[in-house]
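What follows is one structure encoded as C-alpha cells, with my remarks underneath.
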Number of protein chains: 2
Amino acid sequence: MTVTDFLLNLVPFSQEELNDIMLHFEEEKVKKNELLLKEGKICNKLYFIQEGMSRSYYLKEDGKEVTQWFFGEGQFMSSADSFFNQTASFYNLEILEDSILYSITFEKMEFLLAKYHKMEKCIRLLSIEMFTTLIRKMNATQFHTAKEKYDYMISEFPNIAHRISLGHIASYLGMTQETLSRIRKNESLKKK
Amino acid sequence: MTVTDFLLNLVPFSQEELNDIMLHFEEEKVKKNELLLKEGKICNKLYFIQEGMSRSYYLKEDGKEVTQWFFGEGQFMSSADSFFNQTASFYNLEILEDSILYSITFEKMEFLLAKYHKMEKCIRLLSIEMFTTLIRKMNATQFHTAKEKYDYMISEFPNIAHRISLGHIASYLGMTQETLSRIRKNESLKKK
DNA sequence: GTGATTTTTTGATATAAGTCAAAGGAAATT
DNA sequence: AATTTCCTTTGACTTATATCAAAAAATCAC
C-alpha cells in the first residue's frame with residue numbers, strides 16, 4: 001500500500017490534490033536498529049511505512065524498554081503527541097527491519113492542513129483511528145490474563161507479530177518475558 | 001466553561017461562525033443515573049458537559065461494569081468510536097450527577113465539518129487530545145502498582161475524583177474495590 | 001427517624017504473574 | 001566454521017492483588 005492509496009482510502013482527493021500533497025513527502029530508506037527519534041527531542045516528522053516495520057517505545061523507571069506500539073506496512077508512524085503538539089517526545093522511534101518510509105515534516109503538514117479542507121478531515125479520521133486502536137488495546141489488556149493479552153496481540157498484528165521479538169511483545173503487553181514464554185508454551189501444549 | 005469557550009480555545013472561529021455552529025447544539029438537562037446511550041446502540045450524539053459529570057462504561061464477561069472514562073465540566077463526552085464511525089457502541093454513557101449538556105447529532109456535526117474547514121481542524125485537535133489522554137492512562141497504569149495507579153487517577157481528575165464512587169474508580173483503574181480500599185487506607189496512614 | 005439498600009472496609013486465603021538465576025537455543029560476528 | 005552475543009525458556013521462589021465472605025459505614029426511600 002502506498003501513501004496515496006492510504007489517503008484515498010480515507011478521503012476522495014483529486015489526482016491534482018494528491019500530486020501536490022506527495023510533493024511534500026520524501027522517501028527515506030532506513031536500516032534496522034536506526035533510531036528515528038529519541039525521547040526528549042521534538043518529533044518533527046510523520047512517517048508512512050511503505051516497507052518494513054517499526055516500534056515506538058519508552059524507558060520505564062528501572063531503565064527497561066516498554067514498547068508502546070508497532071507499526072507495519074501501510075501505516076503512519078509517529079510519536080503522535082510530540083508531532084502534533086510539537087512538544088518533547090516521551091517515546092523513541094526504532095526501526096525493526098530495513099524499511100522504506102515516506103516522511104513529511106510538521107511544517108509541511110501544517111501547510112497542507114491549512115491548504116486543504118480534505119487534509120484536515122483526513123488527519124482527523126487518522127486520529128480517531130489511532131484513538132480507536134488504543135482503546136482496543138486497553139480493553140483487551142485491562143482485567144485480562146496474560147494469555148488473553150497474548151491472544152489480543154496476535155489478532156491485532158496478525159501480519160507482523162511473527163516478525164517481532166518476544167521481548168518486545170512482552171513489554172507491549174505489559175508483562176515479563178518469562179510470563180510470555182510460559183503462556184506460549186501452554187498454548188502450544190493445548191493445541192495438541 | 002461553555003461550548004463556545006471550548007471551541008475558541010482550539011480554533012479562532014469568528015463570532016458569526018460560532019453563532020451558526022451553536023444553532024446546531026441543543027441544551028439538555030439530565031438526571032443522575034440516566035443512561036444516554038446503551039451498548040449495542042449507535043451513538044448519534046456528541047455531548048458537551050456544561051455542568052455535572054458522567055462516565056462511559058462497558059460490561060466485562062462476568063457482567064461487572066468497567067468504567068472506561070469520566071467526563072467533567074468543560075469536556076466533550078461520547079462513545080467516540082461509535083459516534084464518529086456510526087457503529088454499534090461498546091459503551092454505555094451514564095450520568096453521574098444531575099447535568100446540563102449541550103448536544104449535537106452526528107448529521108449536524110458532519111454538516112458543520114463539511115461547511116467549515118476550521119471545524120475539521122477543531123475536531124482533529126479534539127481527537128488528538130483524546131488520544132493523548134488515553135496514552136497517558138496506559139503509561140500510568142501498565143507496569144505500575146495499584147498505589148501508583150491511584151495517584152495517577154487523582155492527578156488526572158483532580159476536580160472530580162472526590163465526587164466519584166470508589167467502585168467506579170477501582171474499575172477505571174483496572175483493580176478491585178478491595179484493593180483500592182486497602183491502598184487508600186495505606187495512603188492515609190502514611191500521611192500521619 | 002427507621003428500615004432497607006448500597007458502598008466501603010476488613011480478614012483470610014488463593015493465585016496469577018513477577019523476580020532471580022541460569023540453561024538452552026538462535027542469530028550475529030569474526 | 002567457531003565464537004560471541006543476544007534471545008528464549010526453564011526452575012524455584014516471592015509478591016501484589018484477586019477472590020470470597022462478612023462486618024461496618026454511608027446513603028437512600030418512606
Side-chain angles (χ1 to χ4, degrees), chain A residues 31-35 53 55 57 60-67 70 94-98 140-154 160-192, chain B residues 31-35 53 55 57 60-67 70 94-98 140-154 160-192:
Chain A
K31 291 287 183 181
K32 181 180 177 178
N33 292 331
E34 273 192 51
L35 276 195
M53 188 174 57
R55 70 170 179 144
Y57 72 92
K60 58 173 161 115
E61 289 185 351
D62 60 9
K64 292 185 180 175
E65 296 177 2
V66 180
T67 298
F70 298 105
E94 180 185 43
I95 303 295
L96 294 179
E97 293 174 350
D98 293 358
T141 52
Q142 200 176 51
F143 287 117
H144 283 280
T145 62
K147 176 195 179 299
E148 285 163 342
K149 288 178 183 177
Y150 182 59
D151 290 343
Y152 148 76
M153 169 80 199
I154 300 300
I160 64 174
H162 63 281
R163 291 146 69 186
I164 301 174
S165 83
L166 297 181
H168 292 333
I169 291 176
S171 75
Y172 169 78
L173 295 175
M175 69 180 73
T176 63
Q177 294 181 33
E178 290 94 331
T179 297
L180 180 59
S181 188
R182 292 189 167 99
I183 58 171
R184 279 165 51 90
K185 176 175 174 175
N186 292 338
E187 295 258 291
S188 62
L189 289 183
K190 280 179 182 167
K191 285 186 175 167
K192 298 183 177 180
Chain B
K31 291 287 185 182
K32 180 179 178 179
N33 292 332
E34 273 192 52
L35 275 198
M53 190 176 56
R55 71 169 179 145
Y57 72 93
K60 62 176 158 112
E61 288 186 352
D62 60 10
K64 293 185 180 175
E65 295 175 4
V66 180
T67 299
F70 298 106
E94 180 186 40
I95 304 295
L96 293 179
E97 292 174 350
D98 293 358
T141 52
Q142 199 176 51
F143 288 117
H144 282 280
T145 63
K147 177 196 177 300
E148 285 164 342
K149 288 177 181 178
Y150 182 59
D151 290 344
Y152 148 78
M153 168 81 199
I154 300 301
I160 65 174
H162 64 282
R163 291 146 69 187
I164 302 175
S165 83
L166 298 181
H168 292 335
I169 292 177
S171 75
Y172 170 78
L173 295 175
M175 67 180 74
T176 64
Q177 294 182 32
E178 290 96 329
T179 296
L180 180 58
S181 188
R182 291 188 167 98
I183 59 172
R184 279 164 52 89
K185 175 174 174 175
N186 291 339
E187 294 258 295
S188 62
L189 289 183
K190 280 179 183 168
K191 284 186 176 172
K192 299 184 176 179

Short question: side chain of B:Ser171, backbone of B:Thr67 - any donor-acceptor pair under 3.5 Å?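 Looks like yes, one N/O pair under 3.5 Å.
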Test your reading of the model: is there a side-chain donor-acceptor pair from A:Gln142 to the backbone of B:Tyr172, 3.5 Å cut-off?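 Indeed, once roles are kept as given, a pair shorter than 3.5 Å links the two residues.
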For nucleotides 13-26 of chain C, give me one character per nucleotide, 5' to 3': B if any protein heavy atom sits under 4.0 Å from the base, S if the only such contacts are to the sugar-phosphate, - if neither. ----SSBBB-----
Can you tell me how far OG1 of A:Thr176 sits from CZ of B:Phe143, rounded to the nearest 0.5 angstrom?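 Answer rounded to 0.5 Å: 8.0 Å.
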To the nearest 0.5 Å, tell me how far B:Arg184 CZ sits from B:Lys147 NZ.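 Answer for the CZ-NZ pair, B:Arg184 versus B:Lys147, is 13.5 Å.
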To the nearest 10°, let me know how far the axis at one end of the helix from C:dG1-D:dC30 to C:dT30-D:dA1 is tilted from the axis at the other, five pairs an end.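 The angle separating the two end axes equals 60°.
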Answer yes or no: is there a side-chain heavy-atom contact under 4.5 Å between B:His144 and B:Asp151?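 Counting from C-beta outward, B:His144 and B:Asp151 never come under 4.5 Å.
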So do A:Glu94 and A:Asn33 actually touch side chain to side chain, heavy atoms under 4.5 Å?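 Answer yes - side chains close enough.
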With respect to the phosphate group of C:dT9, does any side-chain polar atom (N or O) of B:Lys185 fall under 4.0 Å of OP1 or OP2?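 Checking B:Lys185 against C:dT9: no side-chain N or O falls below 4.0 Å of OP1 or OP2.
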Residue pairs fulfilling salt bridge (Lys or Arg N to Asp or Glu O under 4.0 Å) with at least one residue in residues 163-175 of chain B, sequence neighbours excluded: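 Listed by first then second residue: B:Glu73-B:Arg163, B:Glu97-B:Arg163.
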Within residues 173-182 of chain A or reaching into it, pairs that qualify as salt bridge (Lys or Arg N to Asp or Glu O under 4.0 Å) - sequence neighbours excluded: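 Every pair satisfying salt bridge (Lys or Arg N to Asp or Glu O under 4.0 Å) with a residue in residues 173-182 of chain A: there are none.
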Covered region of DNA chain D, 5' end to 3' end, by chain A [heavy atoms, under 4.0 Å]: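 Extent of the interface on DNA chain D: D:dT8 to D:dA12.
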Checking all strands, does B:Ser181 fall into the base, sugar-phosphate, or nothing category for heavy-atom contacts under 4.0 angstrom?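 Answer is base: heavy atoms of B:Ser181 come under 4.0 Å of a base.
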With A:Glu65 via salt bridge (Lys or Arg N to Asp or Glu O under 4.0 Å) - residues at least two apart: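 If we apply the salt bridge (Lys or Arg N to Asp or Glu O under 4.0 Å) test to A:Glu65, skipping adjacent residues, the hits are A:Arg55.
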Looking at A:Lys31 and A:Asp98, is there a salt bridge between them, counting it only when a charged N and a carboxylate O are closer than 4.0 Å?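 Here A:Asp98 pairs with A:Lys31 in a salt bridge, since their nearest N and O are under 4.0 Å apart.
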